[in-house]
Amino acid sequence: MGCLSETMNILAELQSRFAAALTDLAPDPQAYAAMVRPAQDARNGDYQANCAMPLARIVGAKPHDVAKTIIDRARLDDLCEPPTVAGPGFINLTLRREFLEHTLAAVAADRRFGAPAAESPKSIVVDFSSPNVAKPMHVGHLRSTVIGDALHRILEFAGHQVLSDNHVGDWGTQFGMILYGYKHFLDAEAYVADKVGELARLYRLVNQLCDCHDARESLPRLRAELEAATAKLPALEAAAGQDKAAQAALKKARAELDKQREELKTAERKVAAVEQDPAMRELADAHPGIARAARDETAKLHAGDPENRALWDEFLPACLGALQRLYDRLGIQFDHTLGESFYDPYLPEVVRQLASRGLAVESDGARCVFLEGRNAPFIVQKGDGAYTYATTDLATIEYRVKEFGAQIILYVVDARQSDHFEMLFETARRWGFADVECRHISFGMVLGEDGRPFKTRAGDTVGLESLLDEAIREARRIVDENDDSKRNEHDQPAPELDDAERAAVAEAVGLGGIKYADLRHNRESDYVFSWSKMLAKTGDTATYLQYAYARTRGILRKAEAAGAAAGTAPIAMAQPAERALALHICRFPEAVSAVAQEYRPNFLTQYLFELANSFSSFYDACPVMKEPDPAVRASRLRLVDLTGAVLKKGLSLLGIQACERM
RNA sequence: GCCCCCGUAGCUCAGUUGGAUAGAGCGUCGGUUUCCUAAACCGAAGGUCGCAGGUUCGAAUCCUGCCGGGGGUGCCA
């Protein structure tokens, strides 16, 4: 019982001991054993079991007595001090020092720091990033990219077989716009000089012209709607005296009115942007049917038109190359980049099968899947015969299951698409893919400090490339400032880093800052993007973790210079700071398995922040190289070495680099 | 109309699925450097968990209603 070579996950070990003790006491021992948790408050010990209270209700006994019974039956004496019962029936557990030392030694000897391989490794596809290749990536792609990459790394580390797949948008309407732009507005010289840049310009241009025409067309309708809504307002106001329902209606009408005003303003702005620029205006006048024409280009591409197909073949590698450069900068790798175009040949068969099963039926000229409890249909083929991303997504599920043997598919996509994914998954189940577990790993928006979607001051979306540049530039400034202010013992300037190392540190700090700021938030919630917080020299940031790591390296350098090495000395933990640090190191497996279970990287960032925190306290309270007792010194040196290794591993699982010095 | 999400300290956010006196970072106030990087450490103040009911030994967490904010919603992805 309790063979520790099997698990260095203390929490899991405790839970299994409790499960054994609960076999005759509880209907579902596992569920009650799961109520063993890390103690919320260190005063209550290291871990606590909360199962006695709910169990007492079932058995009809006093919680306190149930807790006593559990304690009597649980065999914990090799792990814990004698457990105590507190409050209404909490069981408090304090780990024995010998056990901690033993576990720590095992963690230290393990290349995976005690993180167990998954009991039943799954074949997992992580679908993330998924930008449109026709336009440059912007800040909106950040979360999917960063969270997806972290999940890829962590799940793989947790022992699963993981494939990352970038489901790029390389087949949609944006390509029609580029094709149209290429044929009508190409700047040949610019195209030769910077293919992707010119294509992006063409996309923006055509998109803007389409928007303008579209907006101009909708202006009368928008104005009429606004007028009608405004006209209705007085009646609503009059009716809203006492009646609650009427008041609610009034408020809703006002909100609706605001929305309509906004919409009208946006449309007017789009029109004005073109009309105030004579050159643009001329273009707009010369291409009145541009939106339709661009759609036709898309249709021709899909239909196999040789010219468009040849252009697409020419554009795509350049676009993918540009994306790849960005991913290289970010240190992100995909096992596959199978975009929408890849699935095009499969689409007719998907619809045919859905139709033959009676799942897809015709409605208003389109083929739709109607799902119980929903008004909106899942459209798999449009009235004009074109397929939608719903169809592509279905084909993609089929492919991933059949070709990759996917058992789990994770879609790291923003929360706004949750309806789509619910319908997609339901349709896939009914189509015959009931065994694959599809999960929408949804995340919230990145907001600016004004609480609105993150934009530049001018109101444009922020390009990802320039975001990275700015972060690194700012990081470099901080690195310079910090290194320049270093002093030697005579209080003279003593910078440590040469230009190349400063650049490397700035890169790690800048990119790490961006990634960490994203990952440390619960992915489900929106978060406010803040330059100052992201690269702050204080607080819960990547820099703090990187700095803690650099400090571990500093001590080890010093030790090396003195001819000492971390070695394999026994680790003792006499000081509270030593014990706290040691315990925290031992919890690494818990953090990894928590992330793998819930797909929440913030569990790992939180763990690492606390680890760095424990280390900083230890650093302050427990000198290493100045410690006179050689045994204590050797023990602390190992603790430092191990802390550094876990920090570095943890950061790497988040896609963040650690620096030797900074 | 229908559907989904959010509201926690001055600010930004956690909160392990119902557990103990609700936590952290920033900011504020106070302390720490002849000593391994002060990008640090230690301490303090700061809360009606949007509001009102309900469920029970126990609620930020579950249910109902309300207030406030955001998002989605038949041929974009």
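If you're wondering where the values come from, they're calculated on a predicted model, not measured in any experiment. Both backbone and side-chain heavy atoms feed into the values below; hydrogens, waters and symmetry mates do not. Chain naming here is simple, since letters A, B, ... match the order of the sequence lines and numbering starts at 1 in each.
- Side-chain atoms of Met625(A) lie closest to rC36(B) of the nucleotides rC36(B), rC13(B), rC42(B).
- No contact: Asp393(A) has no heavy atom under 4.0 Å from any strand.
- Checked against rU12(B), rU16(B), rG71(B), the side chain of Pro38(A) finds its nearest nucleotide in rU16(B).
- At the phosphate of rC26(B), neither OP1 nor OP2 sits under 4.0 Å from any side-chain N or O atom of Tyr544(A).
- Using atom P as the reference point in both rC67(B) and rA52(B), the two lie 15 Å apart (nearest Å).
- Backbone-only engagement by Asn613(A) is indicated by non-hydrogen atom pairs under 4.0 Å involving sugar-phosphate atoms exclusively.
- Using a 4.0 Å cut-off, some side-chain N or O of Asn602(A) falls inside it from OP1 or OP2 of rG15(B).
- Heavy atoms of Glu598(A) sit under 4.0 angstrom from at least one base atom.
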Exercise. When Watson-Crick pairs (N1 to N3 and N6-O4 or O6-N4) and G-U wobble pairs (N1-O2 and O6-N3) count only below 3.5 Å on both distances, what is the dot-bracket string of RNA chain B, with | for other-strand pairs?
Worked result: (((((((..((((.....[...)))).(((((.......))))).....(((((..]....))))))))))))....
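- The residue Ala559(A) sits apart from the nucleic acid: no heavy atom pair falls under 4.0 Å.
- Residue-level contact check: Cys622(A) touches the bases, meaning some heavy atom is under 4.0 Å from a base atom.
- If you take atom C1' in rG25(B) and the same atom in rC41(B), they sit 15 Å apart, rounded to whole Å.
- Phe378(A) comes within 4.0 angstrom of no nucleic acid atom, judged by non-hydrogen atoms across all strands.
- Using the six-membered ring where Trp is involved, His584(A) and Tyr607(A) have ring planes that are parallel, under 30° apart on the 30 and 60° scheme.
- Ring orientation note: the planes of Phe609(A) and Tyr544(A) are tilted relative to one another, at an angle of 30° to 60°.
- Using a 4.0 Å cut-off, no side-chain N or O of Thr541(A) falls inside it from OP1 or OP2 of rC26(B).
- At rC36(B), none of the side-chain N or O atoms of Arg636(A) fall inside 4.0 Å of OP1 or OP2 (strictly under the cut-off).
- Here the C1' atom of nucleotide rA77(B) and the CG atom of Asn207(A) are 13 Å apart, to the nearest Å.
- In this structure, Asn44(A) does not reach the rA20(B) phosphate: none of its side-chain N or O atoms is under 4.0 Å from OP1 or OP2.
- Put simply, Lys62(A) has no side-chain N or O that comes within less than 4.0 Å of OP1 or OP2 on rC57(B).
- Using the six-membered ring where Trp is involved, His420(A) and Tyr389(A) have ring planes that are parallel, under 30° apart on the 30 and 60° scheme.
- In this structure, Phe615(A) and Phe618(A) have tilted ring planes: the angle between them lies in the 30° to 60° band.
- Nucleic acid contact for Ala594(A): none, since no nucleic acid atom lies under 4.0 Å from a heavy atom of the residue.
- Counting only heavy atoms from C-beta on, Arg551(A) has its side chain closest to rA38(B) among rA38(B), rG71(B), rG19(B).
- With its glycosidic angle more than 90° from 0, rU33(B) adopts the anti conformation.
- Of the candidate nucleotides rC35(B), rA40(B), rA77(B), rA40(B) has the atom nearest to the side chain of Ser616(A).
- Base engagement by Ser363(A) is indicated by at least one non-hydrogen atom pair under 4.0 Å involving a base atom.
- When heavy atoms are screened at a 4.0 angstrom cut-off, Glu524(A) is found touching no nucleic acid atom at all.
- Heavy atoms of Met662(A) sit under 4.0 angstrom from at least one base atom.
- Between rA14(B), rC36(B), rU73(B), one nucleotide has an atom nearer to the side chain of Gln606(A) than all others, and that is rA14(B).
- For a distance-only test at 3.5 Å, the side chain of Asn482(A) qualifies as a donor-acceptor partner of the base of rA39(B).
- The aromatic ring of Phe609(A) does not sit over the base of rA24(B); the criterion of centres under 5.5 Å apart with planes under 30° is not met.
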